[in-house]
Structures are given as structure tokens and as C-alpha cells.
There are 2 protein chains.
Amino acid sequence: MLAKVNQNEEALTRLAGDIAQTDGNHSTRIPALMIFRRSSATDPMPCIYGLGLALTVQGDKRVTLGEEVYDYGPGQSLITTVDLPVVSYVTQASTAKPYLGIRLELDARTIAQSAAEMEFAAPLKVSTTRALSIVTLDEGLRDALTRLIQLLAEPQLIPFLAPLIQQEIIVRLLNGEHGPTLRHLVAVGSPSQQIAKAVAWLKQHYKENMPMDDLAATVHMSPSTFRQHFRAVAGMSPLQYLKNLRLQEARQLMLNEDMDASSAAVRVGYESASQFSREYSRLFGEPPQRDIKRMRESI
Amino acid sequence: MLAKVNQNEEALTRLAGDIAQTDGNHSTRIPALMIFRRSSATDPMPCIYGLGLALTVQGDKRVTLGEEVYDYGPGQSLITTVDLPVVSYVTQASTAKPYLGIRLELDARTIAQSAAEMEFAAPLKVSTTRALSIVTLDEGLRDALTRLIQLLAEPQLIPFLAPLIQQEIIVRLLNGEHGPTLRHLVAVGSPSQQIAKAVAWLKQHYKENMPMDDLAATVHMSPSTFRQHFRAVAGMSPLQYLKNLRLQEARQLMLNEDMDASSAAVRVGYESASQFSREYSRLFGEPPQRDIKRMRESI
DNA sequence: CGGATGTTCGTCGAATCAGGCAATAATTGA
DNA sequence: TCAATTATTGCCTGATTCGACGAACATCCG
């Protein structure tokens with residue numbers, strides 16, 4: 001048994017390495033599947049994780065959400081259910097043994113369906129859980145992922161088999177340790193789902209300046225309950241979340257569209273450039289101008 | 001506006017009448033859709049209603065569930081979310097103006113999906129609701145149903161358009177007065193859903209003799225909570241429900257397969273023929289032999 | 001029915017945030 | 001190089017948000 005596990009692990013490493021022969025983010029013919037490779041440890045990189053499963057195959061990766069630190073190494077998987085602004089960095093990688101990671105986006109509809117059909121699932125005990133969790137991959141999941149990647153070698157079969165394997169992965173996730181996290185997300189009317197909707201709303205309308213109490217009302221919660229559950233799910237307060245979103249978007253605007261700081265500030269919903277600058281420094285370590293310059297140079 | 005409503009109602013009546021030109025149950029090219037016609041009032045007829053929507057177009061119909069009586073006439077719709085052993089009969093029908101009814105089976109998967117995607121739906125207030133409810137049809141729903149029936153005239157389009165209209169109907173149901181009833185059914189982990197699963201289990205395994213407390217355990221409820229919710233959803237106690245299922249199945253066996261009473265009794269899980277006979281009389285009004293004879297003659 | 005458990009919600013003090021203004025630093029273009 | 005523009009920082013004020021607490025409420029279970 002142990003032999004087989006090791007074999008699978010090796011197989012996965014080999015497959016991922018074959019596809020990601022160079023450093024960078026490799027998309028595949030399976031749209032939901034990406035493979036990452038890094039030959040050296042990286043600086044902290046703020047980014048947004050959506051509904052999906054991430055797996056470290058080789059090397060080590062660290063993700064921080066608010067104040068919390070999550071480390072996951074080979075054989076461990078990280079699942080996120082709502083868009084979370086995290087800071088991620090590769091902590092362990094070398095040219096000889098580069099970091100290799102897999103990311104698979106999950107489909108909410110499929111999850112909802114599968115969860116609804118799961119027979120006699122135990123009811124969820126706690127009403128809200130963190131939208132992020134780390135679990136050691138079990139054999140079945142690893143095997144399914146391996147098959148998914150092997151499928152890349154037979155492109156003509158992808159449209160037919162990839163959805164099946166993805167569904168299998170979802171069923172396995174729902175039955176495993178990640179299950180409760182996922183089930184919360186699709187439990188109709190549960191606080192978690194309401195928060196997920198609020199988060200989705202924020203992601204869409206981050207420019208607008210809606211008072212958090214109003215947002216709480218639209219998901220039918222009192223302000224205090226809303227805050228409480230939001231924090232439980234997203235790992236930070238609603239306002240912090242919104243700020244993260246705005247600042248990251250502003251960074252993108254400045255980096256990709258050469259926008260100047262004050263325009264970007266206005267664009268993402270800030271009315272005061274000074275406030276923008278202040279909070280930008282707090283999140284990214286340096287004020288807008290300098291941060292962008294550094295980013296440009298580091299490439 | 002009123003003119004249009006009346007127009008729609010008339011259109012629906014005409015369409016249903018066109019399809020159901022003779023008395024009986026008419027299935028259509030849309031598998032989920034059936035149309036009923038009766039030229040006279042009928043005797044009480046015990047049967048099982050599953051997940052679906054029933055609509056009286058012309059005439060009047062009565063349905064009893066346990067002790068409760070539900071009447072629905074033209075323009076009213078009855079929705080059921082789990083299999084319920086009801087007694088139904090047409091109360092108002094004539095040759096000139098026959099009873100006309102429509103039944104549309106709903107797809108649980110589609111409901112689950114749509115419910116999950118409904119934005120900012122109010123959370124469900126009560127934890128369990130009766131799996132059966134009657135609501136006056138609103139205009140949008142009537143219109144969608146009308147279009148669904150009109151579609152029968154263009155068979156080549158059915159595979160493409162019928163699913164769309166059915167989904168529209170589900171969305172409208174979820175947003176209407178029936179909404180809470182349906183949402184309960186698909187709320188992952190809710191007592192209603194647990195009960196729905198128990199009901200499904202019973203429907204499958206009614207022959208086995210599982211203690212109700214064990215069944216309660218498999219859906220993760222204490223016996224008392226199970227009984228309470230079961231009653232709220234199904235309108236009768238678990239044991240009554242089981243009896244209904246068994247007796248109706250036995251009746252089918254005797255009618256369709258000419259099985260004798262004691263064999264049928266054993267077949268559906270009774271160990272004592274006398275107990276079977278007693279309960280049979282209580283449900284159908286007459287003991288097995290005589291009931292079957294009467295049924296045969298009445299055809 | 002009644003005790004035990006967990007959830008919601010309003011309130012409150014403390015903390016944080018947003019924006020205004022002004023001074024200073026950095027960058028850009030002439 | 002200087003001047004003009006833009007970015008950054010400090011500080012202040014009012015508004016908002018945060019998180020904790022306890023009462024009210026619903027649910028579960030025996």
C-alpha cells in the first residue's frame with residue numbers, strides 16, 4: 001500500500017514536471033487546471049484565490065490570510081471556497097528541485113449538485129467555517145488528480161473525460177476532510193452561503209461605497225452577525241477585505257495600464273489620494289509609486 | 001391586465017383540452033409533463049405524489065394527506081416536494097366541462113442549482129414545512145406553463161426549449177409563494193432535506209423492517225426530532241407513512257399481478273395476514289379481496 | 001414539556017478609517 | 001538646473017467599524 005502511495009506521488013511529480021518545464025504559470029488544455037513552477041523562493045505575492053483546490057507537489061508554499069499563516073508542502077492540499085485576498089509565497093525551491101504546484105478550479109454548480117445528492121450526510125455542526133483549509137491529500141484524490149493530468153496527453157478525450165474526473169474530485173472532496181468547508185458554501189440559506197454572496201457582491205462592486213451595515217441587510221443579517229460570520233469565513237473584517245480588493249485592483253491598474261496613483265485611487269473607490277497612499281503602504285510595504293517601480297524592476 | 005390574465009387562463013384551458021380529448025392520463029412528448037381529463041367526479045383514489053407541480057385548469061380537485069384536506073380549483077397549483085401518499089379525487093367535472101389538470105414533474109438537481117444561485121434570498125425562517133402546498137398561480141408561471149404546452153406543437157424544438165422553460169418555471173416557483181417549500185427541500189443539511197432523504201429511503205426499502213429509531217439515526221436525528229420533523233413534512237407519522245406505502249404497493253401487486261392477499265402481505269413486509277387485512281380495510285375502506293373485486297368491476 | 005445548547009441581535013466603548021489640509025519629498029519636463 | 005507636477009507623510013476631526021457581552025430566541029433531545 002505504502003509502495004503504491006509513493007508511486008502515485010512520484011507519478012504526480014513527474015507528470016507535473018513534464019508539463020511545467022519552465023518557471024511560470026502554465027495553463028493547460030483543461031481550462032480549470034493550471035500548473036506552477038518556480039526555481040527559487042519568491043517574495044510575498046498578494047493575490048486572490050477563488051473557489052478551487054491547490055496542491056503542492058514538490059517544494060513548499062506558504063499562504064497568509066489576514067494574520068494567519070498556512071504552510072503546505074508535498075502531498076498537502078489547500079482549498080478555498082470564496083475569493084480570498086491572500087499573500088502567497090514559495091518558501092522552498094531550487095533549480096534542482098523546483099517548486100511544483102497544481103491548481104484546479106472547482107465548479108460551484110457541480111458542488112451544489114453533488115452535495116444535494118449525497119446520501120445521509122451528517123448535518124454540519126458549526127454554522128460557519130473558514131473559507132480556507134489545508135488537508136493532506138488522500139490516495140483517491142491523488143489518483144483522480146493524476147488521471148486528470150494524464151488526460152492532457154489525450155487531448156481529444158478531454159471534453160468527455162475531464163468533466164467526469166472533475167466531478168469525481170468534487171465527490172471525493174465532499175466526502176473527505178474538506179467536505180464540511182465545501183458543504184457550508186452550498187448549504188442554501190446558511191450563514192456561510194450568505195457571506196459567500198456578500199463576498200461575491202463586494203468583488204463585483206468594490207468601487208461603490210456601500211456602508212457595511214447596508215450590505216449586511218442585503219444578505220439578511222444584523223450588522224453584528226454579519227461581521228461575526230464574515231470574519232469567520234474570510235479571516236478578516238469586511239472593511240479589511242474591501243480594502244484588500246481595492247488596493248490589489250489599483251495595483252493591477254497601475255502595473256498593467258500605467259495608471260498614475262491618484263487616478264487609480266479614484267478608480268477603485270478612494271476619494272482621497274492621501275488615504276490611498278497610506279493604506280497602500282500598509283498592505284504592500286511601500287507606497288504606490290515605489291512599489292510599482294520595484295515590481296517593474298524585479299521582472 | 002385582467003384581460004390578459006383571463007386570456008391566458010382561457011388559452012391554457014383550450015390547449016389542455018386539445019391535448020386531452022379523451023378521459024384519462026395523457027403523457028406528452030415532454031416527459032415531465034402530463035395532462036389529465038375526467039368527465040365526472042371520481043372515487044377517492046390513493047396514490048403517491050412525487051416532486052412536482054400540479055395545476056387544475058378546469059373543474060375541481062381534492063387531495064387529502066393524512067387528516068388534512070386540500071382543495072384546488074382553476075388557477076390554483078399544488079406543489080409536492082417529497083413522495084407523499086395522498087388520496088386524490090376530482091370533485092367537480094361534467095361531460096360539458098370536464099376536469100382538466102396538468103402535472104409537471106420537477107427536477108431536484110435543477111432546483112438545487114437555481115436555489116444556490118439565487119442572489120440574496122431571504123434565509124428560511126421555519127425549519128420544516130409541509131411538503132405540500134397550494135398557491136394561486138401567478139401570471140408569469142401560467143404564461144411559462146402555457147408556453148410549455150404550446151411547445152408540444154413544435155416537437156422538433158422540445159429537446160432544446162423544454163428544459164429552458166422548465167428551468168424558468170423552477171426559478172419562478174423559487175421566487176414565488178412556493179419558494180420556501182422548495183428551498184427547504186434543497187437546503188443542504190436542513191431537517192427538511194434529511195427527512196426527504198429518509199422518505200426516499202423508505203420508498204426504496206419499504207419491505208425491510210427497519211426500526212424507525214434506526215432510520216432516525218441514519219439521518220442524524222434523535223428519534224423525537226425525527227418524528228417531529230417527519231410529521232411536519234409528510235403530514236403523518238413515519239409508521240403511518242410506511243404503512244401507506246406498503247398497502248398501496250400490495251394493492252398494485254394484487255391488481256396488476258393477480259397476487260393473492262396473503263402473498264402480497266408478505267411481499268410488502270407484513271408478517272401477519274390479519275394485521276394486513278385490518279390495516280388494508282382502514283385505508284381503502286374494504287378488506288383486500290372485496291376491494292380488488294370492486295376495483296375490477298368498476299373498470 | 002423543560003433543560004441544554006447554540007444562534008441571533010442590539011448595544012457600547014474602543015479602535016480604526018476616510019477625507020481635508022498642509023508640508024515635504026520625489027519625479028518629470030523644459 | 002529649475003519649475004511644475006505628482007506622490008507621500010503627518011495630523012486632525014467626524015464617521016464608521018470592530019469585537020465583546022448579555023438577553024432573547026429557536027432548536028434539539030430525553
Side-chain angles (χ1 to χ4, degrees), chain A residues 66-67 122-129 184 187 189-195 198 202 206-217 219-247 250-251 253-254 258-266 268-294 296-297, chain B residues 122-129 184 187 189-195 212-213 216-217 219-233:
Chain A
E67 302 297 302
L124 298 160
K125 283 190 287 283
V126 278
S127 73
T128 29
T129 34
H184 273 296
S190 73
S192 292
Q193 207 200 23
Q194 304 290 80
I195 296 299
L202 280 175
Y206 61 88
K207 288 168 201 174
E208 303 170 29
N209 213 339
M210 183 186 247
M212 285 305 159
D213 288 7
D214 291 7
L215 183 56
V219 295
H220 307 100
M221 285 188 190
S222 75
S224 59
T225 308
F226 178 68
R227 272 194 289 278
Q228 178 190 326
H229 286 293
F230 196 102
R231 191 165 236 309
V233 171
M236 64 190 75
S237 74
L239 207 66
Q240 278 179 321
Y241 182 89
L242 181 60
K243 268 197 326 204
N244 259 300
L245 236 50
R246 286 180 166 172
L247 295 172
R251 196 189 210 190
L253 287 174
M254 291 189 288
D258 280 335
M259 197 173 277
D260 63 88
S262 47
S263 308
V266 171
V268 301
Y270 278 92
E271 291 175 31
S272 134
S274 61
Q275 185 65 11
F276 172 71
S277 177
R278 239 189 314 272
E279 307 201 322
Y280 194 100
S281 315
R282 209 175 304 158
L283 178 59
F284 298 113
E286 289 189 276
Q289 197 74 226
R290 248 175 291 172
D291 175 63
I292 296 301
K293 198 172 163 194
R294 187 175 54 82
R296 289 245 164 77
E297 281 164 0
Chain B
L124 299 159
K125 283 191 285 283
V126 279
S127 73
T128 28
T129 33
H184 273 298
S190 73
S192 292
Q193 207 202 23
Q194 303 291 80
I195 295 298
M212 283 306 160
D213 288 6
V219 295
H220 307 100
M221 285 186 191
S222 76
S224 62
T225 307
F226 179 68
R227 268 193 293 278
Q228 179 190 328
H229 286 293
F230 196 102
R231 204 173 179 75
V233 170

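Here is the naming used below: chain letters follow the sequence lines, and residue numbers restart at 1 for every chain.
Spacing between atom CG of A:Leu124 and atom P of D:dT27 amounts to 17 Å, rounded to whole angstrom units. Rounded to a whole Å, the CZ atom of A:Phe226 is 17 Å from the P atom of D:dT16. The CG atom of A:Asp260 sits 19 Å away from the P atom of C:dA26 (whole-angstrom rounding). In this structure, A:Arg227 atom CZ and D:dC21 atom C1' are separated by 14 Å, rounded to whole Å. Going from atom CD1 of B:Ile195 over to atom P of D:dC28 covers 10 Å, rounded to whole Å.
Which of D:dT17, C:dC9, C:dA18 sits closest to the side chain of A:Gln275 comes down to C:dA18. Set against D:dG19, C:dC9, D:dT9, the side chain of A:Arg231 has D:dG19 as its closest nucleotide. Side-chain proximity of A:Ser237 to the nucleotides D:dT27, C:dG10, D:dG19 is greatest for D:dG19. The side chain of A:Leu239 sits closest to C:dC17 out of C:dC17, C:dG19, C:dG10.
Checked by atom type and distance alone, the side chain of A:Arg246 pairs as donor or acceptor with a backbone atom of A:Tyr206 at under 3.5 Å.
Rounded to the nearest 0.5 Å, atoms CE (A:Met221) and CD1 (A:Ile195) are 4.0 Å apart. Between atom OH of residue A:Tyr280 and atom CD of residue A:Glu286 there is a gap of 9.5 Å, rounded to the nearest 0.5 Å. Here the CG-CZ distance, from A:Leu215 to A:Phe226, works out to 4.0 Å after rounding to the nearest 0.5 Å.
The phosphate of D:dC28 has OP1 or OP2 within less than 4.0 Å of a side-chain N or O from B:His229. For C:dT27, the OP1/OP2 oxygens have a side-chain nitrogen or oxygen of A:Lys293 closer than 4.0 Å. Contact annotation: A:Ser262 does not reach the phosphate of D:dT6 (side-chain N/O to OP1 or OP2, under 4.0 Å).
Residue contacts shown for A:Ser274 include a base, since a base heavy atom lies under 4.0 Å away. Contacts of A:Pro191 with the nucleic acid, taken as non-hydrogen atoms under 4.0 Å apart, involve only primed sugar atoms and P, OP1 or OP2. Residue-level contact check: A:Thr225 touches the bases, meaning some heavy atom is under 4.0 Å from a base atom. Residue contacts for A:Glu271: at a heavy-atom cut-off of 4.0 Å it reaches the sugar-phosphate backbone alone, with no base atom in range. Residue B:Ser224 is classed as a base contact, given a heavy-atom separation below 4.0 Å to a base.
Mapping A:Pro211 and B:Ser222 onto DNA chain D by nearest heavy atom places A:Pro211 at the nucleotide closer to the 5' end. Comparing B:His220 and A:Ala273 by the nucleotide of DNA chain D whose heavy atom lies nearest to each, the residue mapping closer to the 5' end is A:Ala273. Remark on DNA chain C: of its neighbouring residues A:Gln228 and A:Lys243, the 5'-side contact belongs to A:Gln228, judged by nearest-heavy-atom nucleotide.
Non-hydrogen atoms lying under 4.0 Å from DNA chain C are contributed by A:Arg278, A:Glu279, A:Arg282, all within residues 276-290 of chain A.
A donor-acceptor pair shorter than 3.5 Å can be found between the side chains of A:Ser272 and A:Ser274. The closest side-chain donor-acceptor pair between B:Ser222 and B:Ser224 falls under 3.5 angstrom.
Over its length, the helix from C:dC1-D:dG30 to C:dA30-D:dT1 turns its helix axis by 60°, as judged from the five terminal pairs at each end, rounded to 10°.
Here the closest heavy-atom approach between residue B:Gln194 and residue A:Pro123 is recorded as NE2-CD, 3.9 Å.
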Let's go through A:Phe230 and A:Leu202 carefully: what are the C-alpha distance in whole Å and the side-chain angles of both, what is the deciding distance for side-chain contact (heavy atoms from CB on, under 4.5 Å) to 0.1 Å, and is it a yes or a no?
CA-CA 12 Å; A:Phe230 196 102; A:Leu202 280 175; 4.1 Å; yes

